[in-house]
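Computed over heavy atoms, backbone and side chain alike; hydrogens, waters and symmetry mates excluded.
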4 protein chains.
Amino acid sequence: MFQKRTDLALEARELWQESAEKNTRLNGVKATKSRLEGYPLTCVDVLDARGEQALGKPQGSYRTLDLSAFWQRKNGFFDRAVRALGMQLRELLPEEKGPALIVGLGNRAMTPDAIGPLAADNILVTRHLISAMPKHFSGFRPVSVFRTGVLGTTGVESAEAVRGLAAEVHPSVIIAVDALASRRTGRVCATVQLSDTGIAPGSGVGNHRAALNAETLGVPVLAIGVPTVVDAATLAADLLEESGSTPPDMEALQKSQQNLMVTPGDIDQKVRDLAKVIGYGINWALQDLEIEEISALLS
Amino acid sequence: MFQKRTDLALEARELWQESAEKNTRLNGVKATKSRLEGYPLTCVDVLDARGEQALGKPQGSYRTLDLSAFWQRKNGFFDRAVRALGMQLRELLPEEKGPALIVGLGNRAMTPDAIGPLAADNILVTRHLISAMPKHFSGFRPVSVFRTGVLGTTGVESAEAVRGLAAEVHPSVIIAVDALASRRTGRVCATVQLSDTGIAPGSGVGNHRAALNAETLGVPVLAIGVPTVVDAATLAADLLEESGSTPPDMEALQKSQQNLMVTPGDIDQKVRDLAKVIGYGINWALQDLEIEEISALLS
Amino acid sequence: MFQKRTDLALEARELWQESAEKNTRLNGVKATKSRLEGYPLTCVDVLDARGEQALGKPQGSYRTLDLSAFWQRKNGFFDRAVRALGMQLRELLPEEKGPALIVGLGNRAMTPDAIGPLAADNILVTRHLISAMPKHFSGFRPVSVFRTGVLGTTGVESAEAVRGLAAEVHPSVIIAVDALASRRTGRVCATVQLSDTGIAPGSGVGNHRAALNAETLGVPVLAIGVPTVVDAATLAADLLEESGSTPPDMEALQKSQQNLMVTPGDIDQKVRDLAKVIGYGINWALQDLEIEEISALLS
Amino acid sequence: MFQKRTDLALEARELWQESAEKNTRLNGVKATKSRLEGYPLTCVDVLDARGEQALGKPQGSYRTLDLSAFWQRKNGFFDRAVRALGMQLRELLPEEKGPALIVGLGNRAMTPDAIGPLAADNILVTRHLISAMPKHFSGFRPVSVFRTGVLGTTGVESAEAVRGLAAEVHPSVIIAVDALASRRTGRVCATVQLSDTGIAPGSGVGNHRAALNAETLGVPVLAIGVPTVVDAATLAADLLEESGSTPPDMEALQKSQQNLMVTPGDIDQKVRDLAKVIGYGINWALQDLEIEEISALLS
């Protein structure tokens, strides 16, 4: 059956609402809206098995920060985005302030899939410094970084490789950054989703086959994702529905648009900018540093 | 008014046919279909002002090679594509075998716009060698290459910069390679258009503001283009029309999909491969060399 | 005959002093030392034909800023370097505040030769903006940028290509940025030379065959160069001389070290940082902007 | 004490011979010379503790292929180099034909250190294909690839990361590719050393702190290294000794040349070509394929 593709819990909830009878209640899911540093924030909490079933997402907390206004570049847009993301991340982080392993998933050579490795380039890497000069770097939390690369060029699933590295590095938390697919063009490069559920199989632009979560990796896994593409068939289906028409053969549509993605014309710049927000947000949440200090340490 | 966007003469003709009454004749345009080296070829000749008016393309010859079968990678697919492209190019080249200037238009850092600079990397550059060692390189035609870069990083229109260089290099022909927009997803990274009319203002993925043609540059300009994106609004409009629905506000649709493009998931690989076909095809047409010889000289 | 290779007027003067009898006077050359923003500055003015003959450099002003202290990254190191470079540049610029063309010479793909294209990436490009929106950008001086690329991949000498572009862009000054060879390892990535004489044939890491100067381009040409390599034979010769030994066959030494260069292990970082100093210094000298404003406009 | 730096067993033996009395015998080391596919081959076998002591290299077999003639690009130069390297590799591989893990050490962004990651790009990655379609790929040996990245950007020692991955992938052999330092400029980018001893701490251009060998990784480790730089102080010391002079302060010399390296001007092209020889040689040794088949599968 044709399945509209989305990696956002927010959109999974929308899809449920569209398909459900108006008088049905969505049980097992709690959603709230607020604003943080001037950016709209939607929290979708999947509370139990009923919620999991309805949305097709594992139990946990999903926070979607709407960064559409980021691109207007108004006063403090960058710093506010970093803090908003960092605050959400702090709420999801486990209490123990142990070592963190940041995982950049995806393909650096393919722009819509490059957000993970590019965010990794904006991380303050401290583990080796703390290990070599413990006194000098006592104020820092040990952070290491792993760029998984792509299955076709490594032969190793991201989940396997991360598990192997985690066995050496012993992180108390893993933060995985990945590109996502959205169903709405308006959300592409304009939202960031944070969750404490890790990364599900088949999600992301690169379509990971194995999950990265507490179960497979033995340590809490936070996921930070940015939708960078819309599946062309999902876009087409939405447009046709909006116009009130019922296309005769939805699967034919999917087939005709197969392997196509919809993406912004200026995606290179947008992905680079959002990768910086994510990297800085992670540094802000993990280390006790001001944004200017992060900037100075990274240059 | 909403304008479906295409840079292909083939599609301009389709659009005319869709809009026109069935019993109207398209005057001033001649179209023929054939096969070359196993690949389908469509020639659209715009013969006079009536044809220019109907298709919105300047008078001249437009040849579209359908390389869909290229991606099945069957026996000799690469060499056949190079020869097919090279033969068409030879038909369009002026008789005088003087120096050639190859112009790679577009932005190397943005994959769907990178076909021009990537093709330029596959050109046998000979002008300086012939100039330094005329006896050794007497068998070669002088070829120089110019990568225009992007207006935002140069401050200079491609047409201006090419005109300035042409005044120094004195080519007898300019061959400009550029990325195009198509209206059909099936043609993206699956067709190559060659024409003897140069490049029109507003065309290409990067939207050039000034024309590159014999009038502006003072020397015949051949254009080689590959559609690498579909304008998302054009795709949406086509899908809606196919489904029989008439959307109430076409311009709203265009606005909602603004600055979005539809592109293949594996575009990096495809653009690299097609840039190689184009570069080799140009070398094959300009120099008296076998494909293996081109390959050896480029490595 | 073996020729110690240097592109720095400062070193040409040193070489003259080493070779000359102690009581000889260097006529036609004036040298002064001072400090600017905390960095040592040496000015060597070649005043007439006697000076040209002695140093092998054309008549003009050569200013060498010693940025060794830059790498200690002490308070304000970056801003001070930008201002010091910018002030020297202002002294060399012609009075007429017309359009400027910045030329980045060299090969982006080869780190020691990449300073020109990398500096070009740090230039505020304004010409197209002023042309499109003259009222909005009335406060800016029109600046365009040209990255020459490498002879082997273009077939066109840098001087030819710049001349062609200048005929379209009509700059009142050209500023050319290039990598240089030094004779002293201590000066590599630690000095910047500015001059009003343009670029001589055979100089630079990429060895340009034709001069870029007022004579060949018809407009004043300032040159900004950074030594990024030491010729290995020159280094060897200096070491041997210092140790008091006279090697039996200097030319054999040169041959054995042919095509080798000495360069810092962390050259990638250093070249990127110095390219930023140069780009910012040019922006500071040409536009009426603070360094923070330049930074905001470039991001 | 000043230590001439070399990663080549061949040169460690030369250094011993230079320092030793002429009538001393080098016990515990066996050296032989031969030719393979037209390229000179030197085997240095360190047989026991006396050999280890004399050469400062662990017990094992070191084979140095002299590829100087490669750059003359004479008949069959590439295929012959691939086979010569592949044959030596086959002699060093353990008998069990189990899975192989290829490790590309070094920094892709710094050319002299990029040989590892570039060689990794030329490996036929088969593990995931065999795992997904075991019947189709039954003829292949499972191969996976790991690019370690650089300590400063990962926080994890290469040896740690490889050990973690090996625990997941269970290879029967690890082949590590790395850039080396030589003492002779003539050997830079002109030799390949293969050994069955893994990689020693402090060796390579990037200076690994922990060993990658059977002891640390629990599985046989072959090392393939190419010298891409000469330590400038080592070069200087050799030149001074050759000229018969004894510099008064060798450590001062080392300090003055600190962090400088001598490298070929065309190193980008050379490193890319040698990385291809290594990648192809590994494929040739591991899989039962002709060179043309490797080429077709990699494109």
Residue part contacting chain B, namely of C/Ala167, when any heavy atom lies under 4.5 Å: neither
C/Phe140 vs C/Leu129, side-chain contact (heavy atoms from CB on, under 4.5 Å): CA-CA, chis, key distance, verdict: CA-CA 10 Å; C/Phe140 288 87; C/Leu129 301 173; over 6 Å; no
Name of the residue among C/Leu124, C/Leu222, C/Val145, C/Ile278 meeting side-chain contact (heavy atoms from CB on, under 4.5 Å) with C/Ile102: C/Val145
B/Val177/B/Ile282 under side-chain contact (heavy atoms from CB on, under 4.5 Å): CA gap, chis, key distance, verdict: CA-CA 10 Å; B/Val177 184; B/Ile282 292 173; 4.0 Å; yes
Top contributor to chain B contacts, counting heavy-atom pairs under 4.5 Å, from C/Leu151, C/Leu165, C/Val162: C/Leu151
For B/Asp113, the option from B/Leu105, B/Thr228, B/Asn107, B/Val271 that meets side-chain contact (heavy atoms from CB on, under 4.5 Å): B/Asn107
Segment of C/Val169 engaging chain B (4.5 angstrom heavy-atom cut-off): side chain
Side chain, backbone, both or neither of C/Ala159 within contact of chain B (heavy atoms, under 4.5 Å): neither
Closest-packed option against chain B by number of heavy-atom pairs under 4.5 Å, given C/Glu160, C/Arg147, C/Glu157: C/Glu160
For chain C, the option from B/Val125, B/Thr126, B/Val143 that forms the most heavy-atom pairs under 4.5 Å: B/Val125
Which atom of B/Cys189 lies closest to which atom of B/Ile267, heavy atoms considered: SG-CG1, 4.3 Å
Top contributor to chain C interface from B/Gly152, B/Gly149, B/Pro142 [non-hydrogen pairs under 4.5 Å]: B/Gly152
Ring-face cation of B/Lys135 near B/Phe137 (centre distance under 6.0 Å, axis angle within 45°): no
